[in-house]
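Please read the structure below before turning to the comments.
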Protein chains: 2
Amino acid sequence: MGDRTTGIGHEVLAAVLQVRQGTLRVLLWQRALEPHSGRWSLPGGALPADEDVETSIRRQLAEKVDLGQVSHVEQLAVFSAVDRVPGPRVIGTAFLCLVPSHLDPEVPEDTSWHPLADLPATAFDHRAIALRARDRLRAKLSYTNIGFALAPPAFTISALRELYSGALGYRVSATNLQRVLTRRGLLEPTGSTTKPGPAGGRPAAQFRFADSRMAVTDAFAVLKPPADQR
Amino acid sequence: MGDRTTGIGHEVLAAVLQVRQGTLRVLLWQRALEPHSGRWSLPGGALPADEDVETSIRRQLAEKVDLGQVSHVEQLAVFSAVDRVPGPRVIGTAFLCLVPSHLDPEVPEDTSWHPLADLPATAFDHRAIALRARDRLRAKLSYTNIGFALAPPAFTISALRELYSGALGYRVSATNLQRVLTRRGLLEPTGSTTKPGPAGGRPAAQFRFADSRMAVTDAFAVLKPPADQR
DNA sequence: CCAGGTTTTCGCCTTAGAATCGAAAACATG
DNA sequence: CATGTTTTCGATTCTAAGGCGAAAACCTGG
């Protein structure tokens, strides 16, 4: 503690996820330089001396990849295998970042969105990081309102259903989704409705998330405190 | 990435939790040197160049604090505020570690177990780390079998109930606890029973956890895939 | 204006899992 | 053997989610 620590580098990495065209995707850029030239990697970079990891990843995302509209950022895990990158040792702190589905942020030439179900050849341990981010998102979708970070400010139940289906990787019922979220008090109607598409159909009511802060809906899903202590 | 990263120190810290005398406690040692002399802090130390963070925290725990019997170790979070420790900057990776309740490991003179509900003056950001560890444990008790790491190899339902009550901070029903864990297939009877105490009573059956690997019992508690896709 | 098609919405019923309660079982002691 | 104590088990209630189908609200084409 008081001892001098060793000279290990530190970087921050972002797994930026978004549901695009019905599938969950991650933003990757293609490396131009060795090592691992041509492979795909997560955005991020070295941690400056005057920033904590969260400040740093937010700044680097906003600057480099032109994402002012990241709706959620949370720490994922530390990746610290000694040989995770060639050359001098670098420890990486990875983040899960989310972008609402209605945005199409401008990204540099050498970046693109890749489906998490079918990742290309990735550099270093970035594949494992991206998959870990996906798993975290999927788990949290069920017991938090993290869905707000994937959705536009207002949306129909059908649209929300597609988002959840895309992120989770399986069909979810619109009926049940609405009932579950409503019961939790997370969903509230905006009052307005959308016009039906060219094929007709009943106009859909618009909803929004009641509170756009991340909230754990049921911290203790199973062993709840007794009724009189709640 | 290829760039030289800055010379930031890195340490690993352990929040070692155990249920003792019915309450959840954390192992702290009292600092003898400045800064923060006299205050209580978490065990840990600098990360060597040739170890990943998990290997390092395991070794340091086993060596320094004489805990060969830590039953569970998992990454908690990175604490990276620039001024989290005085002097040269140090980033800390914190771990949640658990010790089964039947063990009383030998610990150095200047360490002792403190209830998380009533922590003494702590050094640096160690109080926040310890509380975060507590919260993580509590959340996981409800949707994983992490309880195995708090319990002896064999135990009665009453003993397990006390463990859960101590860790969660509220009374849980022995009946319900048994049924929930049994339904999940986590609990199996050993066959043997304990002798009643001096006050008499029916002898209690002994149980063990069916599988002592950490398992998430219901990853998606709420929005499950449809029955035919499970 | 009406028939047929499409999408959304709502209500009802079923299922799953957990909380609560109380009685019975199995021991001790005096 | 009566009484007290602790554990165990079953029955019932409660809460929340899943599944299904009908009704509502719009479209288009004849």
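So you know, we letter chains A, B, ... as the sequences are listed, proteins then strands, and number each from 1. Just so you know, these numbers come straight off a predicted model, no measurement behind them.
Atom CZ in B/F155 sits about 21 Å away from atom P in D/dT6, given to the nearest Å. The separation between A/I157 atom CD1 and D/dA24 atom P is 20 Å, rounded to whole Å. One atom, CZ of B/F207, and another, P of D/dT7, lie 12 Å apart when rounded to the nearest Å. For the pair A/L186 CG and D/dA16 C1', the interatomic distance rounds to 14 Å; values are reported in whole Å. When the P atom of D/dT6 is taken as reference, atom CD of B/Q178 falls 18 Å away, rounded to whole Å. Counting to the nearest Å, the P atom of C/dA18 and the OH atom of B/Y143 are 16 Å from each other. Between B/R171 atom CZ and C/dT20 atom P the separation is 13 Å, expressed in whole Å. Look at CG on B/L177: it is 14 Å from P on D/dC9, rounded to the nearest Å.
A side chain to side chain contact (heavy atoms under 4.5 Å, CB included) with A/L150 is found for one member of A/L160, A/V99, A/L137 and no other, namely A/L137.
A perpendicular orientation is assigned to the rings of A/H72 and A/F148, their planes being inclined by more than 60° (bins at 30° and 60°).
Within the 4.0 angstrom heavy-atom criterion, only backbone atoms of the sugar-phosphate kind lie near B/S158; the bases stay farther away. A/A205 comes within contact range of the sugar-phosphate backbone alone, with a heavy-atom separation under 4.0 Å but no base atom that close.
The side chain of B/P203 approaches C/dA26 more closely than any other nucleotide in the set C/dA26, D/dC26, C/dT9. Nearest nucleotide to the side chain of A/R184, out of D/dA17, D/dC9, C/dT8: D/dA17.
Checking the phosphate oxygens (OP1, OP2) of D/dA16, a side-chain nitrogen or oxygen of A/R183 falls inside 4.0 Å. Close to C/dT20, at under 4.0 Å from its OP1 or OP2, lies no side-chain N or O of B/R179. Between B/R202 and the phosphate of C/dA28, there is no side-chain N or O to OP1/OP2 separation shorter than 4.0 Å.
Of the N and O atoms on the side chains of A/S158 and A/E162, not one donor lies less than 3.5 Å from an acceptor on the other residue. For the residue pair B/Q206/B/T190, the side-chain donor-acceptor check at 3.5 Å is not satisfied. No side-chain donor from either of A/T182 and A/R184 sits under 3.5 Å from a side-chain acceptor of the other.
The 5' end of DNA chain D is approached more closely, in terms of each residue's nearest nucleotide, by B/G200 than by the other of A/G200 and B/G200. Nearest-nucleotide assignment on DNA chain D puts the 5′-proximal partner with B/A199, out of B/A199 and A/P196.
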